[in-house]
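Only one structure is covered here, and it is reproduced in the block below.
Every chain is numbered from 1, with letters handed out A, B, ... down the list of sequences.
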Amino acid sequence: MDMAKTYNPKDFEEKIYKDWEDKGYFKATPNEKKIPFTIVIPPPNITGQLHIGHALDESIQDSIIRFKRMQGYEALWLPGTDHASIATEVKIVDQLRAEGLSKEDVGREEFLKRSWAWKEKYGGRIVEQLKRLGSSCDWSRLAFTMDEKRSEAVKEVFVNLYRKGLIYQGKKIINWCPSCKTALSDAEVEYAEEPSNFWHLKYFVKGSDDYIVVATTRPETMLGDTAVAVNPKDPRYKNIVGKTLILPILNKEIPVVCDDYVDMKFGTGAVKIIPAHDPNDFEVGLRHNLEVVRVMDDGGVMNENAGKYCGMDRYECRKAIVEDLKQSGNLVKIEPHVHNVGHCYRCHNTIEPIVSKQWFVKMETLAKPAITAVKKKSIKFIPSRFSKIYYNWMENIKDWCISRQLWWGHRIPAYYCENCGEIVVDKQTPAVCPKCGNGKFVQDEDVLDTWFSSALWPFSTLGYPENTEDLKYFYPTDVLVTGYDIIFFWVARMIFSGIEHMGRIPFKDVLIHGIVRDSQGRKMSKSLGNGIDPLVIIDEYGADTLRYCLLNGISAGNDVRYSPEKLEGCRNYINKIWNASRFVLMNCEGKEIKTELSEIKLSLADKWIISKLNSIVREVTVNMEKYDIGLACASLQDFVWSDFCDWYIELCKPSLYGDDEKKKIDTASALCYVLKTILKLLHPFIPFVTEEIYSKIPGAEGSVMVSEFPKYNSRQGYKTDRENMSTIMEIVKSVRNIRSETGAAPSVKVDLYLVTDRRKVIADAKTYIERLANVNEIKFFENKDEIEGKTVSKILAGVEVYVPLGELVDFEKEISRLKGELENAENEIKRAEGKLNNQGFVAKAPKALIEGERAKLVKFNEIKLKIETAINELESQN
RNA sequence: GGAAGCGUAGCUCAGUUGGUCAGAGCGCAUGCUUCACAUGCAUGAGGUCGCGGGUUCAAGCCCCUCCGUUUCCACCA
């Protein structure tokens with residue numbers, strides 16, 4: 001036995017992980033004799049470093065997969081990484097910029113070369129970091145969203161959807177990021193309120209001094225106005241409808257149209273219409289057949305349609321236009337106005353809605369069965385409230401813009417005939433044009449939304465489009481673990497994709513967790529500088545501590561708070577486990593430890609702890625099966641620290657330090673058994689330290705990681721022993737309490753007088769009381785009168801406890817303390833009587849409950865009587 | 001505008017189907033250099049379970065109003 005005095009994870013974490021890997025414990029293969037249990041990892045971006053959010057997500061998944069593996073499932077945790085189209089491209093562009101180059105300078109081919117090089121260099125970084133956490137992924141299956149197999153799946157899906165008419169190309173208004181210079185899906189836009197202004201502009205009626213006032217938050221867009229709209233019911237504008245207005249600055253003629261979309265109560269009730277740069281205006285434009293005039297280019301710079309403003313940045317132009325309008329008298333007023341502005345989820349620049357030709361996925365038909373799957377509970381969100389969020393999104397879903405004007409990603413498998421322009425969508429470049437017979441094609445320049453490939457993740461990782469053994473065995477996966485922030489991006493899209501392409505749901509459960517916040521409840525962010533690096537924590541405290549810190553007490557769907565104090569508390573707990581184990585192992589040294597429970601002669605304490613352990617086994621199992629990891633950890637911790645360490649180990653000491661060699665061996669063996677079971681229960685959460693300790697336990701062969709998870713044993717109830725033990729514990733607590741209240745030093749042995757009819761039980765367990773309460777001698781008495789000298793008392797149900805403390809006894813204090821306890825008992829009696837006197841309660845409450853109240857009444861009446869006697873006696877003595 | 005969560009001890013949070021349910025950890029106070037652990041042990045103080053109503057024999061738990069707080073969705077120019 002050689003264990004350091006304190007838990008030091010650096011001594012073994014790396015070694016243990018390597019050992020698991022070498023032994024192939026993480027690998028899963030289709031096995032007809034076992035039931036599969038599958039989790040696919042939410043693939044981290046190759047650009048990313050492990051952050052605390054990953055740490056939480058992976059810790060949850062790892063604890064689940066380890067639990068299931070120990071339960072005997074063929075447990076597969078399938079790892080991989082995501083190419084993160086925009087995020088990675090931004091990195092490469094930055095890299096180029098540092099060299100004074102642009103994307104266009106190097107060209108597509110060179111750009112992709114650099115991207116792949118970057119992926120090779122940094123893409124594995126996050127994988128190594130996941131390993132440090134202890135993640136038991138089957139690394140032999142490591143997938144990448146842009147590797148050959150996944151690309152194959154992407155092409156297959158794209159072509160299929162196209163042929164079904166579910167993918168189409170169209171010129172529509174989309175979200176455009178002028179900084180990333182690409183289209184974005186609706187989900188990729190984040191809205192934030194910003195203080196801005198309402199600029200009220202005067203548009204004159206052609207050939208008249210009449211005018212109409214429109215209000216706008218983006219005055220620079222007036223250059224692209226092709227109408228002004230008013231509500232048809234608005235009496236204010238009755239006379240102006242159908243007339244022609246003169247657009248200031250450009251002096252262009254535009255009509256006044258009627259549209260129900262206009263809210264009469266908002267602004268001036270007249271809206272300038274710019275179909276090219278506003279989603280609603282675009283719709284109005286369609287209805288009224290308006291001209292679509294783009295005034296901005298892809299970089300947010302005003303274009304040739306902007307006249308003299310051409311070449312100006314959008315905000316620069318705003319200033320200039322406002323100034324010009326003021327000069328020309330077209331600016332009526334400026335009103336402060338807070339408005340909600342869309343930002344790119346990657347670069348956080350303000351997005352511009354623009355009209356552009358893009359590829360879309362038709363959502364209506366795909367969404368329907370995806371909604372049904374959740375409604376019918378084929379897929380369950382945990383907690384269930386997230387299904388509402390899901391419905392809300394799915395039921396109002398618009399077509400998904402999937403093309404991106406980027407280079408890093410899956411290039412869209414659409415080919416244009418160089419001769420006639422015919423579009424051919426196929427997995428490879430077509431040989432001849434089906435329309436004109438020409439053989440030259442150009443592939444579409446765009447790539448697909450990153451989320452298009454991640455949507456296929458649960459089946460693309462298992463071999464799709466081929467119908468592999470893996471796919472047949474491991475699909476559908478069992479649980480998807482992720483944060484609520486990517487329900488739309490990812491979860492929803494996997495659901496409709498799985499149903500559409502596999503004909504089956506991709507997973508049965510979706511376990512949603514929250515985000516990790518700092519000790520003040522704030523989101524961790526770069527700008528606040530309150531983020532913490534999980535790798536630094538692992539270095540300092542070990543992976544187990546970090547994992548446990550994130551897992552203990554979490555509940556599905558709720559955020560977790562991180563604080564250094566909490567981390568330290570977790571470290572202390574593991575240190576406690578470490579030291580308790582050290583104690584057990586020290587006492588096993590040189591002994592023939594019995595590994596079978598049946599060979600051990602069990603003491604009262606043994607039976608008590610085994611019975612409690614058995615209950616905990618059930619509790620942990622039930623909670624883990626519900627994915628209630630936080631509860632599993634918490635109840636286990638309570639058991640380990642309080643029952644096992646503070647009570648059981650102490651209860652074992654008399655026999656361990658005694659003379660009875662046989663008893664010593666039995667006690668050590670029982671300790672070993674309990675410890676071994678505890679380590680198994682703890683392993684899913686803190687795998688390293690449990691493995692390290694397990695390897696030292698006599699008779700524990702192999703690895704705890706692949707050992708069998710403890711099962712509830714209905715024959716280990718030991719009801720009587722449990723009750724007896726709790727009486728003993730009550731007595732011990734009473735003596736300790738008496739010592740503390742009278743100031744009697746804990747190191748001084750005292751005698752203990754008991755009046756009880758449970759002499760046998762207590763006498764059999766007297767060594768426990770002697771040790772734990774530091775008692776010299778226990779004496780039994782028929783009744784209180786026989787006891788001589790000054791004592792301090794505690795009246796329990798069935799036992800009266802008296803500690804002779806001589807001069808330390810303060811009658812006044814003792815009387816007031818007893819009176820307090822008397823009041824307590826009286827309150828209990830009152831409460832029980834109240835319930836039992838209630839006709840309704842007696843008539844309607846369950847029998848067991850009524851019996852319980854009756855028993856309580858009897859018990860407290862007895863206690864009350866004895867306390868009264870004790871008080872009377874003290875008062876007469878005083 | 002729509003939806004959801006949260007409000008329980010000084011702090012952070014548990015609390016399943018209404019009934020041993022008023023809890024844990026931290027912090028605080030007091031006492032312990034006991035042979036696993038001071039990253040520890042023992043003992044203790046602390047709460048109108050946000051406010052007000054309702055349902056029930058019985059309500060942190062179910063229903064309603066309100067207050068405070070957080071988040072998501074939509075978006076009106």
### C1' spacing across the pair B:rG68 / B:rA74, given as an integer number of angstrom
25 Å

May I have the list of side-chain donor-acceptor pairs in residues 846-855 of chain A shorter than 3.5 Å, sequence neighbours left out?
residue	atom	partner	partner atom	Å
A:E851	OE2	A:R854	NH1	3.3

### Task
Please map the stems of RNA chain B, keeping only stretches of three or more Watson-Crick or G-U wobble pairs with both distances under 3.5 angstrom.
B:1-7 with B:67-73, B:10-13 with B:23-26, B:28-32 with B:40-44, B:52-54 with B:62-64

#### Entry: Span that lies between the C1' atom of B:rU48 and that of B:rG53, in whole angstrom
16 Å

### Task
Decide, for B:rG52, between syn and anti: a glycosidic angle within 90° of 0 counts as syn, anything else as anti.
anti

## Note on the structure
salt bridge (Lys or Arg N to Asp or Glu O under 4.0 Å) pairs touching residues 550-574 of chain A, sequence neighbours excluded, are A:R517-A:D559

### Sugar-phosphate or base contact per nucleotide [nucleotides 28-46 of chain B; S, B, -; heavy atom under 4.0 Å]
---S----BBSBSSSSS--

### Task
Scan A:K749 against the nucleic acid and name what it touches under 4.0 Å (heavy atoms): base, sugar-phosphate only, or nothing.
nothing

### Message
Quick test of your reading: applying side chain to side chain donor-acceptor pair (under 3.5 Å), list the pairs with at least one residue in residues 256-267 of chain A, sequence neighbours left out, ordered by first then second residue.
### Response
A:D259-A:R287, A:D259-A:H288

### Message
Going by side-chain contact (heavy atoms from CB on, under 4.5 Å), name the residues that satisfy it together with A:Q839, two or more places apart in sequence or in a different chain.
### Response
none

### Whole-Å P distance, B:rC67 and B:rA59
26 Å

### Query
Any salt bridge between A:D518 and A:K523, counting N to O under 4.0 Å?
no

### Message
Can you check the distance between B:rA9 and B:rG52, where both ends of the measurement are the C1' atom (answer in whole Å)?
### Response
24 Å

### Query
Say you pick atom P in B:rG60 and the same atom in B:rA42; how far apart are they, in whole Å?
32 Å

### Message
Suppose you measure atom C1' in B:rA4 against the same atom in B:rA45; what distance do you get, rounded to whole Å?
### Response
39 Å

### Query
So does A:R561 get a side-chain nitrogen or oxygen closer than 4.0 Å to the phosphate oxygens (OP1/OP2) of B:rU12?
yes

### Residues which pass ring-ring contact (aromatic ring centres under 6.0 Å, His included) with A:W199, listed by chain and number, not counting sequence neighbours
none

### Query
Checking all strands, does A:N558 fall into the base, sugar-phosphate, or nothing category for heavy-atom contacts under 4.0 angstrom?
sugar-phosphate

### Query
Touch check for A:T268, heavy atoms < 4.0 angstrom, all strands: base, sugar-phosphate only, or nothing?
nothing

#### Entry: Contact state string [nucleotides 16-22 of chain B, B base, S sugar-phosphate only, - no protein heavy atom under 4.0 Å]
B--BB--

Side-chain donor/acceptor pairs under 3.5 Å, residues 643-655 of chain A, sequence neighbours excluded:
residue	atom	partner	partner atom	Å
A:D643	OD2	A:K612	NZ	3.4
A:Y648	OH	A:D606	OD1	2.6
A:E650	OE1	A:K653	NZ	3.4
A:E650	OE2	A:K653	NZ	3.1
A:S655	OG	A:C652	O	3.1
A:S655	OG	A:T667	OG1	2.8

### Task
Answer with base, sugar-phosphate or nothing: what part of the nucleic acid does A:A215 contact at a heavy-atom distance below 4.0 Å?
base

### Task
Look at all strands and tell whether A:H337 reaches a base, only sugar-phosphate, or nothing, counting heavy atoms closer than 4.0 Å.
sugar-phosphate

### Task
Could you tell me whether A:K794 and A:E741 make a salt bridge, using a distance below 4.0 angstrom between a side-chain N and a carboxylate O?
no

### Query
When you match A:W393 and A:H339 each to their closest nucleotide on RNA chain B, which lands nearer the 5' end?
A:W393

### Test side-chain contact (heavy atoms from CB on, under 4.5 Å) applied to A:S793 - qualifying residues, sequence neighbours left out
A:Y802, A:E814, A:L818

### Partner residues of A:E625 under the side-chain contact (heavy atoms from CB on, under 4.5 Å) criterion, sequence neighbours left out
A:F67, A:K68, A:Q71, A:T621

Hey, what are the protein-to-nucleotides 69-72 of chain B N/O distances that come in under 3.5 Å?
none

